[in-house]
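One structure below.
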Amino acid sequence: MECSRRMLRGILGKAIALKFLLLNEFLTKHPISLTDNERRLCGEAIEIMKRATDVHHDHTHVFRLLGYLDEFIATPDFQNIKNIVDLKIIFLAIICHDLWRSKKDAHTAFQMMQYMFLEHFGGPSDFRKLAKKYAIDPVLSKKVSYCIMKHTHLVIVPLKTLEAKIVKAIDEIDHTSDERITLLEKKFLLDRPITSYYLKQARLAVRLYVKADTTPTHYFPSIESRILAKKQLMADRLDAEIADYAVLLEYKNKKDNQAYQNQFEAMKQKFQL
């Protein structure tokens, strides 16, 4: 069920400082009692995530979130509410929150917005199918499903449960993580054609996921300070990288092969890809 850290480094494609906890590491450290079926559900969920079409929503994303949750548990924010929250709900929701999204890799700005809307329905649906397969307690399943539904970017009705707020806030941290941005750089510079579609998509993604002031940022002071400390730095970094990409695209459109190759190699060196 688990994947070694060495294998994960290989998947990421470059040596970066990984901040994640594997499932067994987290369960050893924190008092969560899972049934055999709940463990099997987690195992299958991770296997699904390993086959993710979208690298931003693969199993490494889940392991990073467990690392953030581990750090959050040590804060006064969590200690003040630890007796009134169910850590099992949070754990299962984090493991399963992107089962649907992992299968969808947007190639246009329209697809990105479409997936953001449909995830509200697809995420809970995929989890419920897995929960039914493993005969998970219906009450528990309903609470986990609610967290998954409410972790999505487009949420109009305010969140009702602390567990849902924690899952959404923890997920928000990863929007500005160095590891996730590294995957973004590799994805757009090496794995996809250099086109105006992806330039527009990158600009939209930065506006939606990095620059926007989102509600989860303000749920818990410790998470708020952590996110705000990274937001502007990451926004400036991504704006500069998108500007470099725009130059690369301009050289491509002008068919200036030498300038294109020089820019491409400079960007690869800059991103250490």
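All figures in this text were calculated on a predicted structure; none of them were measured in a lab. Starting from 1, each residue takes its place in the sequence as its number. Computation of the quantities below employed the complete heavy-atom set of this structure, encompassing side-chain atoms and omitting hydrogens, waters and symmetry-equivalent molecules.
Taken to the nearest 0.5 Å, the CG atom of Leu23 stands 10.5 Å off from the CD1 atom of Ile94. The CZ atom of Arg237 sits 11.5 Å away from the CD1 atom of Ile242 when rounded to the nearest 0.5 Å.
Arg64 places a side-chain heavy atom less than 4.5 Å from the side chain of Ser177. For the pair Gln263 and Tyr260, the minimum side-chain heavy-atom distance is 4.5 Å or more. The closest side-chain heavy-atom distance from Met234 to Ile181 is below 4.5 Å. Glu71 places a side-chain heavy atom less than 4.5 Å from the side chain of Arg226. In this structure the side chain of Thr35 never reaches within 4.5 angstrom of the side chain of Tyr134, judged on heavy atoms. Taking the side chain as every heavy atom from C-beta outward, Leu21 and Phe63 never approach each other to under 4.5 Å. Looking only at side-chain heavy atoms (C-beta outward), Asp239 and Lys211 come within less than 4.5 Å of each other. Side-chain contact between Ser222 and Phe72: present, with at least one pair of heavy atoms (C-beta onward) separated by less than 4.5 Å.
Contacts of Lys29 classified as salt bridge (charged side-chain N to carboxylate O under 4.0 Å, His left out), with partners at least two apart in sequence or in another chain: Asp70. Residues meeting the side-chain hydrogen bond (donor to acceptor under 3.5 Å, both in side chains) test with Arg192, sequence neighbours left out: Asp105. With sequence neighbours left out, the side-chain hydrogen bond (donor to acceptor under 3.5 Å, both in side chains) criterion links Asn262 to Gln258. Residues passing the salt bridge (charged side-chain N to carboxylate O under 4.0 Å, His left out) test with Asp171: none are found, sequence neighbours excluded. In this structure, Lys200 has no salt bridge (charged side-chain N to carboxylate O under 4.0 Å, His left out) partners at least two apart in sequence or on a different chain. With sequence neighbours excluded, no residue forms a side-chain hydrogen bond (donor to acceptor under 3.5 Å, both in side chains) with Asp86. Partners of Asp54 under the side-chain hydrogen bond (donor to acceptor under 3.5 Å, both in side chains) rule, at least two apart in sequence or in another chain, are His57, Arg101, Lys187. When the salt bridge (charged side-chain N to carboxylate O under 4.0 Å, His left out) test is applied to Arg128, no partner is found at least two apart in sequence or on another chain.
Annotation for Ile194 and Leu249: closest pair O-CD1, 3.7 Å, computed over non-hydrogen atoms.
Using modelled atom types, one finds no donor on one side chain facing an acceptor on the other under 3.5 Å when comparing Gln261 with Asn257.
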* To do: I would like to know whether Ile170 and Leu66 meet side chain to side chain contact (heavy atoms under 4.5 Å, CB included); could you show each step before the answer?
  => CA-CA 9 Å; Ile170 292 295; Leu66 290 180; over 6 Å; no
* side chain to side chain contact (heavy atoms under 4.5 Å, CB included) assessment of Ser102 paired with Thr53 -> CA-CA 6 Å; Ser102 69; Thr53 302; over 6 Å; no
* To do: Please test Phe78 against Val85 for side chain to side chain contact (heavy atoms under 4.5 Å, CB included), starting from the C-alpha separation and ending with a verdict.
  => CA-CA 9 Å; Phe78 183 82; Val85 298; 3.7 Å; yes
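Although no hydrogens or angles enter the test, the distance criterion places a donor-acceptor pair under 3.5 Å between the side chain of Gln79 and the main chain of Ile73. At distances below 3.5 Å, at least one donor-acceptor pair connects side-chain atoms of Thr182 with backbone N or O atoms of Asp178. The backbone N or O of Ser141 sits nowhere less than 3.5 Å from a side-chain atom of Ser145 that would complete a donor-acceptor pair. Side chain of Tyr251 to backbone of Ala246: no donor-acceptor contact under 3.5 angstrom is found. Tyr146 places no side-chain N or O within donor-acceptor distance of the main-chain N or O of Glu163, the cut-off being under 3.5 Å.
Taken together through direct or relayed side-chain contacts under 4.5 Å among Ile, Leu, Val, Met, Phe, Trp and Tyr, Val144 and Ile84 form part of one hydrophobic cluster. Hydrophobic clustering of Ile, Leu, Val, Met, Phe, Trp and Tyr side chains at less than 4.5 Å, counting indirect connections, keeps Phe117 apart from Phe110.
Put simply, the residue from Leu41, Leu65, Ile46 that forms a side-chain contact (heavy atoms from CB on, under 4.5 Å) with Ile95 is Ile46.
Applying the salt bridge (Lys or Arg N to Asp or Glu O under 4.0 Å) test to pairs two or more places apart or on separate chains, those with a residue in residues 130-159 are Glu44-Lys133. Residue pairs meeting the salt bridge (Lys or Arg N to Asp or Glu O under 4.0 Å) criterion with at least one member in residues 111-127, sequence neighbours excluded, are Lys103-Asp126. Sorted by first and then second residue, the salt bridge (Lys or Arg N to Asp or Glu O under 4.0 Å) pairs with a member in residues 87-100 read Glu38-Lys88; sequence neighbours excluded. Among pairs with a residue in residues 247-259, those fulfilling salt bridge (Lys or Arg N to Asp or Glu O under 4.0 Å) read Glu250-Lys254, at least two apart in sequence or across chains.
At a threshold of 4.0 Å, the pair Lys168-Glu172 does not count as salt-bridged, since none of the basic side-chain nitrogens sits closer than that to a carboxylate oxygen. Salt-bridge check for Arg51 with Asp58: failed, with every basic side-chain N at 4.0 Å or more from each acidic carboxylate O.
Ring geometry for Phe26 against Phe91 counts as parallel: the plane angle stays under 30°, on a 0 to 90° scale with 60° as the upper cut.
No more than 12 heavy atoms of other residues, nucleotides or ligands sit less than 6.0 Å from atom OH of Tyr197.
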